Chemist: 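Below are the structure tokens for one structure; questions will follow.
These numbers come from the heavy atoms of this one structure, side chains and all, not from hydrogens, waters or symmetry mates. Since the model is a prediction, treat every value here as computed from it, not as a measurement.
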Amino acid sequence: MRSGAKVAIVGGVFAVVASGVGYGGYNLWSGITGGNDSGLSSKSGSEEKRSGRLGADEIASTAESFLAAWAAGESDRAAQLTNDPVAAGPAVLDYREGALVSKAVITPGEPEGTTVPFTVDATVTYEGRSKSWTYASRLTVVRGLSTGRPLVDWKPSVLHPRLTAETRLRTGTAKAAAVRTVDREGVELTKEKYPSLGPLLDKLREKYGAAAGGTTGVETWLESRDENVPDSTLLTLREGEPGLLKTTIDAGVQAAAERAVRQHAQSSVVAVKPSTGEIRAVANNPATGYNTAFLGKQAPGSTLKIVTAALLLEKGLVKADRPTECPRDAMYYGRSFHNLDHFALGDVPFSRSFAQSCNTAFIKKIDDVHDDAALGKEAEEVFGIGLDWQTGVDSYDGSIPAETGGEAAAQYIGQGTVQMNALNMASITATAKDGTFRQPVLVSKGLDDRPIATARRSLPLSVARQLRDMMRLTATGGTGAKAMASVRGDKGAKTGSAEVGGQETSNSWFTGFADDLAAAAVVQAGGHGGTAAGPIVAQVLNAR
């Protein structure tokens, strides 16, 4: 140990506080490794490289040596105990100099195979003000590919579980004023109670904190290099005076959305009020800094048939109660399309083709449209897709680019170059239910007088009625019936699935309405819409 260090027992391990440096931590260095660098032999370099499974002693000593070097602020030494010293060294140094951690006591737990959990009891100091910062993390030990030495498998999350290569820790005067964010009824919304709202709450604070009357405090935060990911507070050294920020969220619906997305590892859901466009809930799993529900860009599969059906109805090419052909397969410009499991319905009312999600019934009508760009026009002019939505936070408002031939046909069934997310599909469903596009909003436009998008026209009354009726049939006797069975009231739905990037299992999409609430969900690699995304939407709709 360095000269001047004071040694004390803390939680069964040694804590070292170097009086000359003012930065300390836990150290089992000399007692366990005999003073040698973990995995480094005191013998000559000719010693044979070790290989094979790591031993328990190698795992323990490597973890303990790394934690000791980190806790002592020895970034170079800590870096050499990892398999990526070039990245690890600056990160360990930045932990002290960027986050302003003045002291750290790190206590390892019992190894779980090659993984070692540990707790960090740090002290953050800024302009004479200090505060304790305690959290848990973990590291994994691997054998070096070239040396055979046991090394810490370097990831930024070793230093803090939320730290990534795209983020860094910072301490200082907060960049945004403090806010107390509430739902439409005044219920406080916190990250602890509603984890999925974390990124949104951070973004709302960043954008509207000052406008809401808040003042800044002193904090430690996670700073992102991606402008779409807001900074996230990890520790507050001095509270700012919070302003009051009211959102359109409904705490009850939000709680249901949070529970619903936990059913699947990669899922998102959004709920919107059709008559106003107010966003009632948004949830993602995992609840990371990236808001997939608002910013995702993927093909939505057959849920887009809501827009396609509206187009065909407006052009008089179909009517809900008139027969259309639903064959097993359909060809368009050399590209073959088929239904799930190659089913065929024959000549049946278009409402049944919609309810059973017959792809070929839609594909066979494309020639009669005589405009490859018609679907995109319908989506923009009626459903508001691509109109630069100003929800109050960052969001993507969907895209159906102009295509020709087989690619244009793929768009009719929500495949190809169509790009949507749960917010877009919830809004499309809300427009179908209300008849008029109401741009989704999360906070009142009065906060910043931002422009709210409006569509060029509403759905014709007869088209809106037929579209709603077909969605009702889907929810009661079609592909959405099982998922929507528990939902009461006036209800409608549309299922979808889409293969993205050659994945083996398709993404599951589902959208539906119940009375004056519309919701849409997507589950990555979830299979067919009614089985994975459907129950999520039903659970959210039942919370209205």
Side-chain angles (χ1 to χ4, degrees), residues 15 17-19 21-25 70-73 75 90-106 119-137 156-164 166-182 188-195 197-245 247 287-289 393 443 447:
V17 181
S19 58
V21 179
Y23 193 84
W70 166 23
S75 57
V92 175
L93 180 63
D94 195 53
Y95 184 82
R96 178 171 61 176
E97 297 186 349
L100 302 183
V101 177
S102 57
K103 177 183 175 183
V105 176
I106 308 176
T119 57
V120 177
D121 185 5
T123 300
V124 179
T125 302
Y126 179 77
E127 294 185 346
R129 183 184 296 269
S130 296
K131 189 167 184 179
S132 177
W133 183 28
T134 302
Y135 60 89
S137 191
S157 59
V158 169
L159 300 182
H160 188 280
R162 292 180 57 188
L163 191 62
T164 70
E166 299 303 316
T167 59
R168 58 185 182 179
L169 297 167
R170 286 293 177 265
T171 293
T173 301
K175 292 190 290 185
V179 292
R180 178 175 174 268
T181 308
V182 299
E188 185 169 9
L189 303 172
T190 66
K191 301 177 187 179
E192 293 73 25
K193 191 169 184 180
Y194 308 100
L197 289 181
L200 289 177
L201 295 176
D202 290 332
K203 197 66 178 180
L204 289 171
R205 175 193 172 189
E206 178 183 294
K207 192 170 183 180
Y208 298 110
T215 62
T216 56
V218 175
E219 301 175 354
T220 297
W221 65 86
L222 199 64
E223 185 176 83
S224 174
R225 294 181 174 88
D226 184 347
E227 63 180 15
N228 289 322
V229 179
D231 296 341
S232 181
T233 301
L234 300 175
L235 179 72
T236 300
L237 283 76
R238 177 175 60 78
E239 297 277 358
E241 186 66 31
L244 183 65
L245 181 62
T247 70
T288 62
V393 296
V443 292
L447 275 172

Chemist: Is there a side-chain contact between W70 and V120, using heavy atoms and a 4.5 Å cut-off?
Modeler: yes

Chemist: Got H160 and W133 here, is their nearest side-chain heavy-atom distance under 4.5 Å?
Modeler: yes

Chemist: So D202 and K191, do their side chains get closer than 4.5 Å, heavy atoms only?
Modeler: yes

Chemist: Please report the interatomic distance OG1(T171) to CZ(R129), rounded to the nearest 0.5 Å.
Modeler: 13.0 Å

Chemist: Locate the shortest heavy-atom distance separating L169 from D94; write the atom from each residue and the value.
Modeler: O-OD2, 3.9 Å

Chemist: Taking all heavy atoms of T233 and all of E219, pick out the closest pair and write down the distance.
Modeler: OG1-OE1, 2.8 Å

Chemist: About how many Å separate OH of Y208 and CG of L244, when rounded to the nearest 0.5 Å?
Modeler: 15.0 Å

Chemist: Just so I know, are the side chains of K131 and V124 near enough to count as touching, which here means a heavy-atom distance under 4.5 Å?
Modeler: no

Chemist: Of all heavy-atom pairs between L447 and A211, which one has the smallest distance, and what is that distance?
Modeler: O-CB, 4.5 Å

Chemist: Determine yes or no for a side-chain-to-main-chain donor-acceptor pair under 3.5 angstrom, with S102 supplying the side chain and T123 the backbone.
Modeler: yes

Chemist: Please examine the side chains of V443 and L204, heavy atoms only from C-beta on, and report whether any two atoms are closer than 4.5 Å.
Modeler: yes

Chemist: For the atom pair CG (L200) and NZ (K207), what is the distance rounded to the nearest 0.5 Å?
Modeler: 11.5 Å

Chemist: If you measure only the distance, is there a donor-acceptor pair under 3.5 Å linking the side chains of R96 and S75?
Modeler: no

Chemist: For residues S132 and D121, is any side-chain donor paired with an opposing acceptor at under 3.5 Å?
Modeler: yes

Chemist: Which atoms form the tightest heavy-atom contact between A174 and R205, and what is the distance?
Modeler: CB-NH2, 3.5 Å

Chemist: State, to 0.1 Å, how close I106 and A71 come at their nearest heavy-atom pair, and which atoms those are.
Modeler: CD1-CB, 3.8 Å

Chemist: Does a side-chain N-to-carboxylate-O contact under 4.0 Å join E223 and R168?
Modeler: yes

Chemist: Quick one: CZ on R180 to CG on L189, what's the gap to the nearest 0.5 Å?
Modeler: 9.5 Å

Chemist: Where do A99 and T220 come nearest, in terms of heavy atoms and distance?
Modeler: O-OG1, 4.4 Å

Chemist: For E239, is the CD atom crowded, meaning more than 12 foreign heavy atoms sit under 6.0 Å from it?
Modeler: no

Chemist: Using a strict cut-off of less than 4.0 Å between a Lys/Arg side-chain nitrogen and an Asp/Glu carboxylate oxygen, indicate whether K175 and D231 qualify as a salt bridge.
Modeler: yes

Chemist: If I take atom OG1 from residue T167 and atom CG from residue L222, how far apart are they, to the nearest 0.5 angstrom?
Modeler: 4.0 Å

Chemist: Has the side chain of T215 got a donor or acceptor atom that lies under 3.5 Å from a matching backbone atom of E241?
Modeler: yes

